[in-house]
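Input: a single structure, listed below in structure tokens.
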Amino acid sequence: MTTVTPPQSIEQLLERAEKLAGKSLAQLAEEFRAQLPDHLLLEKGWIGQFIEHLLGATSGSLPQPDFPELGVELKTIPINPLGKPLESTFVSVVNLHQPASEQWETSIVKKKLEHVLWMPIIVHPNSPLNQRIIGMPLLWRPSADEWQILKNDWEETMEKVCLGKFGQLNARFGQALQVRPKAANSKVLTDVVGSDGEITQTLPRGFYLRSSFTQKVLTQLSYS
DNA sequence: GCATGATCATGC
DNA sequence: GCATGATCATGC
């Protein structure tokens, strides 16, 4: 695949992102000499990693924003032609091991969501992967109201973790930030401290943004 | 039909 | 095993 140097500024990053808008994955794969898979069944993260590459991201699998020098996190988000998100958005894993040492202000979730470059991927129903089109990017910072919601959800989650209430750690709470399993499969277990201080095991979890939340975020496209 | 829970690839 | 990148697919 053609190599891309890291962007030197947020302006340059946004400029690159805007140049991708309107192009199909087939066009981009040809232009950058990439092997586009037939489907995402075996490579669910392929598009995200492809776009990272096209924009010159370097973070790898470190728990930090994709462009650490710029403080910008890249998120691809599949949308239908009307702009409705088709999936939730994974943010980061939940720290189940040292929850008491975590604070919202220094959390990975806050660091990543401080500045997000949203890259919508337009998906037409029943169309092949190579016909998906890159939408107009949106550089987003949460509003004060959005921060408040995210902070509340995060703190409620971490409180459950601190109390060892892993049974309550499901996808049904959280206004914007949701907790769901994040593992290879449902048999994966990790050591945690239970509600009586005992060592027990539970399924690894991740923080995800609900699609209802990202839908509101993406509507800012029309007004910015 | 959609949200919740399950799952896939990769690097170290 | 855990972090990154996420979407799949079943149950309600």
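Below, chains carry the letters A, B, ... as their sequence lines are ordered, and counting in each starts from 1.
One can place CD of A/Q64 at 11 Å from C1' of C/dA3, the figure rounded to the nearest angstrom. The CD1-C1' distance, from A/I47 to C/dT7, rounds to 9 Å in whole Å. Look at CG on A/L40: it is 11 Å from C1' on C/dG5, rounded to the nearest Å. Atom-to-atom, CZ of A/F50 to C1' of B/dA9 comes out at 17 Å; the value is rounded to the nearest Å. For A/L189 and C/dG1, the CG to P distance is 9 Å, given to the nearest whole Å. Rounded to whole Å, atom P of B/dT7 lies 5 Å from atom CG of A/N185. Distance CG (A/L74) to C1' (C/dA6): 12 Å, rounded to an integer number of Å. For A/I121 and C/dG5, the CD1 to P distance is 14 Å, given to the nearest whole Å.
Note on the helix from B/dG1-C/dC12 to B/dC12-C/dG1: terminal axis deviation equals 30°, with five pairs used at each end and the result rounded to 10°.
Of the two residues near DNA chain C, A/L62 and A/E87, the one whose nearest nucleotide lies more 5' is A/L62. Comparing A/S211 and A/S61 by the nucleotide of DNA chain B that holds the closest heavy atom to each, the one mapping nearer the 5' end is A/S211.
Side-chain nitrogen and oxygen atoms of A/H39 include none within less than 4.0 Å of the OP1 or OP2 phosphate oxygen of C/dT7. Phosphate proximity of C/dT7 to A/K75: absent, as no side-chain N or O sits under 4.0 Å from OP1 or OP2. For C/dA6, one of the phosphate oxygens OP1 or OP2 lies less than 4.0 angstrom from a side-chain nitrogen or oxygen of A/T76. Residue A/S186 has a polar side-chain atom (N or O) positioned under 4.0 Å from OP1 or OP2 of B/dT7. Contact annotation: A/K84 side-chain N/O to B/dC2 OP1/OP2 distance is under 4.0 Å. For B/dG5, neither phosphate oxygen OP1 nor OP2 lies less than 4.0 angstrom from any side-chain nitrogen or oxygen of A/R205. In this structure, A/S92 does not reach the C/dT4 phosphate: none of its side-chain N or O atoms is under 4.0 Å from OP1 or OP2.
A/P204 comes within 4.0 angstrom of no nucleic acid atom, judged by non-hydrogen atoms across all strands. Nucleic acid contact for A/L41: sugar-phosphate only, since backbone atoms but no base atoms lie under 4.0 Å from a heavy atom of the residue. Across all strands, A/H97 comes closer than 4.0 Å only to sugar-phosphate atoms, never to a base (heavy-atom distances). Contact annotation for A/G48: backbone-only contact, meaning every heavy-atom pair under 4.0 Å involves sugar-phosphate atoms and none involves a base. Heavy atoms of A/S88 sit under 4.0 angstrom from at least one base atom.
Electrostatic pairing of A/K110 and A/E105 counts as a salt bridge here, judged by a charged N lying under 4.0 Å from a carboxylate O.
Across all their heavy atoms, A/R141 and A/E114 have their closest contact at CG-O, 3.3 Å.
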| request: Please test A/E31 against A/K23 for salt bridge (Lys or Arg N to Asp or Glu O under 4.0 Å), starting from the C-alpha separation and ending with a verdict. | output: CA-CA 10 Å; A/E31 191 176 330; A/K23 295 188 177 179; 3.1 Å; yes

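For the pair A/K182 and A/F90, the cation sits on the ring face: its NZ or CZ lies under 6.0 Å from the ring centre, inside 45° of the axis.
For A/N185 (side chain) and A/K187 (main-chain N/O), a donor-acceptor pair under 3.5 Å exists by modelled atom type. Checking side-chain atoms of A/Q103 against main-chain N and O of A/S101 turns up no donor-acceptor pair under 3.5 Å. With hydrogens and angles disregarded, no donor-acceptor distance shorter than 3.5 Å links the side chain of A/H115 to the backbone of A/L139. Using a distance-only test at 3.5 Å, with no hydrogens or angles considered, no donor-acceptor pair links the side chain of A/Q215 to the main chain of A/K84. At least one donor-acceptor pair closer than 3.5 Å links the side chain of A/D153 to the backbone N or O of A/L177.
Side-chain N/O atoms of A/Q148 and A/N152 include a donor and acceptor closer than 3.5 Å.
Residues of residues 150-184 of chain A that place a heavy atom closer than 4.0 Å to DNA chain B, in numerical order, are A/N170, A/A171, A/R172, A/Q178, A/R180, A/P181, A/K182, A/A183, A/A184.
Between the side chain of A/Y208 and the base of B/dA3 there is no donor-acceptor pair of N/O atoms closer than 3.5 Å.
Closest approach to the A/E73 side chain among B/dA6, C/dG5, C/dC8 is made by C/dG5 (side chain taken as heavy atoms from C-beta onward).
Between A/W147 and A/W154, the ring centre distance reaches or exceeds 6.0 Å.
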